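What follows is one structure encoded as structure tokens, with my remarks underneath.
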There are 2 protein chains.
Amino acid sequence: MKVSIFDVAKKAGLSVVTVSRVLNNAKTVREKNRQKVLQAMKELNYHPNAAARSLAKGKTGVIGVIVTTLQDSFLDTVVQHISSHLKQYSYYLAISVANYPTEVGAGKELIQEDRVDGLLVLAAVHEEDYVNELRRRKIPFVLIDCQNIQPSFSSVLVDNFQGGYEATKHLIDLGHTSIAHIKGSDYFLSAIERERGFRYALSEAGLKPFAVEFGQFTITSGYDAVQKWLQEGSLPTAVFAADDFTAIGVINALTEKGYQVPRDMSVVGYDDQLMFAELRPHLTTMKQPAEQLARHAVDVLMRQINGTNKRNITVRFEPELLIRETTAPVGSY
Amino acid sequence: MKVSIFDVAKKAGLSVVTVSRVLNNAKTVREKNRQKVLQAMKELNYHPNAAARSLAKGKTGVIGVIVTTLQDSFLDTVVQHISSHLKQYSYYLAISVANYPTEVGAGKELIQEDRVDGLLVLAAVHEEDYVNELRRRKIPFVLIDCQNIQPSFSSVLVDNFQGGYEATKHLIDLGHTSIAHIKGSDYFLSAIERERGFRYALSEAGLKPFAVEFGQFTITSGYDAVQKWLQEGSLPTAVFAADDFTAIGVINALTEKGYQVPRDMSVVGYDDQLMFAELRPHLTTMKQPAEQLARHAVDVLMRQINGTNKRNITVRFEPELLIRETTAPVGSY
DNA sequence: TAGAAATAGTGCCACGATATAATAACTTGA
DNA sequence: TCAAGTTATTATATCGTGGCACTATTTCTA
């Protein structure tokens with residue numbers, strides 16, 4: 001029923017081994033025979049069985065991706081790029097949605113049963129234990145946008161301090177002096193770093209924050225901050241929000257009260273979430289280089305798997321400021 | 001180095017077969033011995049090798065999911081539910097992001113190399129050929145929210161006609177008589193069905209549409225429709241938007257021009273996209289039962305794989321109207 | 001306590017490919 | 001033309017597990 005390598009060999013009038021050679025691009029096959037084999041494979045519509053191959057080679061051709069949620073366009077984008085980039089290496093993608101904090105040991109089974117040759121860990125939070133386990137088992141892995149920046153791990157991430165700094169600098173350059181920040185959850189290093197960048201930019205300019213509000217990367221965070229300021233009686237002229245959700249919340253609250261952005265307030269977000277791309281006014285935001293991140297992570301992982309990697313390195317990419325419609329020079333209206 | 005079933009057998013003082021029996025939950029193992037085996041497995045931290053198992057059993061324990069994009073919260077949610085529901089069956093998830101229309105034969109390799117035991121096809125558009133190929137190869141599959149409703153395929157979907165009908169009925173019940181619809185791309189059956197539901201509800205009430213505008217499930221679609229109406233000089237009092245993005249675009253355009261929702265216009269969306277859940281005013285929308293959909297699809301697929309499924313059935317779920325803040329009785333302000 | 005039923009164990013092959021090492025077939029040069 | 005060297009091919013063992021057909025042992029039942 002099922003065509004195996006034997007059938008191909010028979011049809012081509014050669015041995016199984018020769019067929020295997022062709023499959024694995026071994027050099028020592030006469031061109032004429034190679035053609036015969038290819039022809040036979042085609043006619044029989046033969047495709048090697050992955051399980052048998054894995055068993056014999058000790059490699060699966062599968063990469064596992066551990067991700068806490070798919071409900072985030074930045075992560076989705078990264079995953080999508082990982083997927084397409086892996087294809088170039090003829091690798092497949094197995095996804096384990098971790099659902100933190102319920103499942104801490106996500107993807108464990110993938111490793112234990114030797115289902116994957118390597119792992120990409122996305123945006124994990126408390127990954128130390130997990131990662132040490134991987135290390136102990138000698139499973140190649142690369143951390144993407146994780147907090148753990150131990151130099152002994154392969155890791156790619158985006159410079160959040162720089163992002164916070166640039167976003168704030170942009171507002172300062174527009175002449176704003178009354179600038180607030182709405183933080184992300186302190187739980188995430190990214191939030192802490194962005195705040196640090198914010199504070200640094202201000203102090204560099206000899207300014208003090210109008211306010212620094214708590215938030216959790218949600219629309220509500222931005223909405224509530226504005227409510228609070230209104231109740232207290234005064235608004236800043238500019239806000240650096242820890243992410244696009246927060247920024248949208250800010251704009252939403254302002255619009256609802258009859259204020260306009262950027263006339264009454266300039267707002268900068270973070271992430272360039274696709275879903276908000278079309279909302280008016282178009283959001284000025286910090287874009288993270290998802291594709292670069294994905295590509296680099298995959299490349300590094302592949303080198304680790306092939307053993308051609310010398311040492312582990314943390315690579316830091318720069319975010320990019322996208323100036324759109326929610327920021328304007330102070331008092332320009 | 002690597003622990004195999006032999007090591008476990010040795011440690012437990014039993015034969016390999018008995019260990020294998022324990023692994024496969026065969027009945028004929030004395031409880032005492034089963035414990036001995038489990039104990040040995042634990043101590044050695046043994047886990048069966050997936051490749052060897054697949055090869056021997058002819059099953060992989062992996063389900064493939066074909067999806068066109070991860071940038072949609074409805075699909076994401078479905079995938080996430082699939083993932084967690086599969087765990088109950090001890091199955092893993094391999095994802096193939098199709099990127100329609102570039103890659104039509106997505107996931108082909110998954111099948112050809114016997115990497116999966118079955119497939120879940122999400123929201124495919126022109127899947128006839130693809131699906132026929134699956135059928136020919138006798139790969140179990142279930143279509144989720146696909147257009148193809150041939151009764152000979154297993155398929156689960158949400159009743160879009162009903163959704164369109166209910167959304168519109170809600171507006172009619174609120175007293176609206178000037179109701180418009182902004183369509184989704186005609187390309188999708190879901191869009192066509194929702195429009196049909198819309199028209200049916202109106203005609204049932206003896207009403208005519210204020211307008212039916214073209215759209216493509218985007219924020220811009222909604223935004224542009226409002227712009228157009230404003231230019232033409234009059235607005236409907238209510239709008240049924242083909243999806244939440246469109247609805248957000250409508251609200252966005254209105255707010256920008258100083259109109260308020262629902263004071264000046266009632267708006268109903270479709271999908272209950274998570275990302276908009278916190279936006280004010282909270283969107284009245286049609287929620288699709290993502291979890292039910294995922295659960296049922298997985299169950300059916302499992303039954304197909306186990307051969308306990310008699311015949312293929314199309315199951316249609318009902319969407320649910322979530323009345324929130326963007327709809328109000330006509331003239332209530 | 002015999003006999004039936006449940007439980008364990010043995011050994012061998014299959015699964016579909018690759019690795020290894022031995023063998024065969026070509027080249028090449030003097 | 002033939003030995004030496006190189007390239008191509010093949011037979012066989014192997015990867016880790018499950019299936020099968022029996023046999024051996026233990027436990028339960030009447």
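Note on naming: letters A, B, ... go to the chains in the order of the sequence lines (proteins, then strands), and numbering restarts at 1 for each one. The basis for the numbers below is simple: all heavy atoms, side chains too, and nothing from hydrogens, waters or symmetry mates. These figures come from a predicted structure and were not determined experimentally.
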**Message:** Going by side chain to side chain donor-acceptor pair (under 3.5 Å), name the residues that satisfy it together with N306(A), two or more places apart in sequence or in a different chain.
**Reply:**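 N306(A): no side chain to side chain donor-acceptor pair (under 3.5 Å) contacts found.
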
If you look at every strand shown and take non-hydrogen atoms under 4.0 Å, does [X] touch a base, only sugar-phosphate, or nothing?
X	result
T28(A)	base
F6(A)	nothing
L55(A)	base

Protein-nucleotides 10-13 of chain D N/O pairs closer than 3.5 Å?
unit_1	atom_1	unit_2	atom_2	d
dT10(D)	OP2	S15(A)	N	2.7
dT10(D)	OP2	S15(A)	OG	2.9
dT10(D)	OP2	T18(A)	OG1	2.9
dT10(D)	O4	R21(A)	NH2	3.4

**Prompt:** For A56(B) and V29(A), take the nucleotide of DNA chain D holding the closest heavy atom to each; which residue's nucleotide lies nearer the 5' end?
**Reply:**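 Looking at the nearest nucleotide for each, V29(A) comes out on the 5' side.
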
**Item:** Positions of residues 43-51 of chain A (non-hydrogen atom under 4.0 Å from DNA chain C), listed by number
**Value:**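 Here the set is Y46(A), H47(A), P48(A), N49(A).
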
**Item:** Check against side chain to side chain contact (heavy atoms under 4.5 Å, CB included), I144(A) and L293(A)
**Value:** CA-CA 7 Å; I144(A) 303 181; L293(A) 218 60; 3.9 Å; yes

**Message:** Test of understanding: with side chain to side chain contact (heavy atoms under 4.5 Å, CB included), list the residues that count as partners of A51(B), not counting sequence neighbours.
**Reply:**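 S54(A), L55(A), N49(B).
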
**Message:** The criterion is side chain to side chain contact (heavy atoms under 4.5 Å, CB included); which residues satisfy it with E133(A), sequence neighbours excluded?
**Reply:**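 In terms of side chain to side chain contact (heavy atoms under 4.5 Å, CB included), with neighbours along the sequence ignored, E133(A) is linked to R136(A), R137(A).
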
**Message:** Of the options dG18(D), dG16(D), dT18(C), whose atoms approach the side-chain atoms of K57(B) most closely?
**Reply:**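 Nucleotide nearest to K57(B)'s side chain: dG18(D).
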
**Request:** Sorted by first residue and then second, give each salt bridge (charged side-chain N to carboxylate O under 4.0 Å, His left out) pair with at least one member in residues 46-60 of chain A; sequence neighbours left out.
**Result:**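 Listed by first then second residue: nothing to list.
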
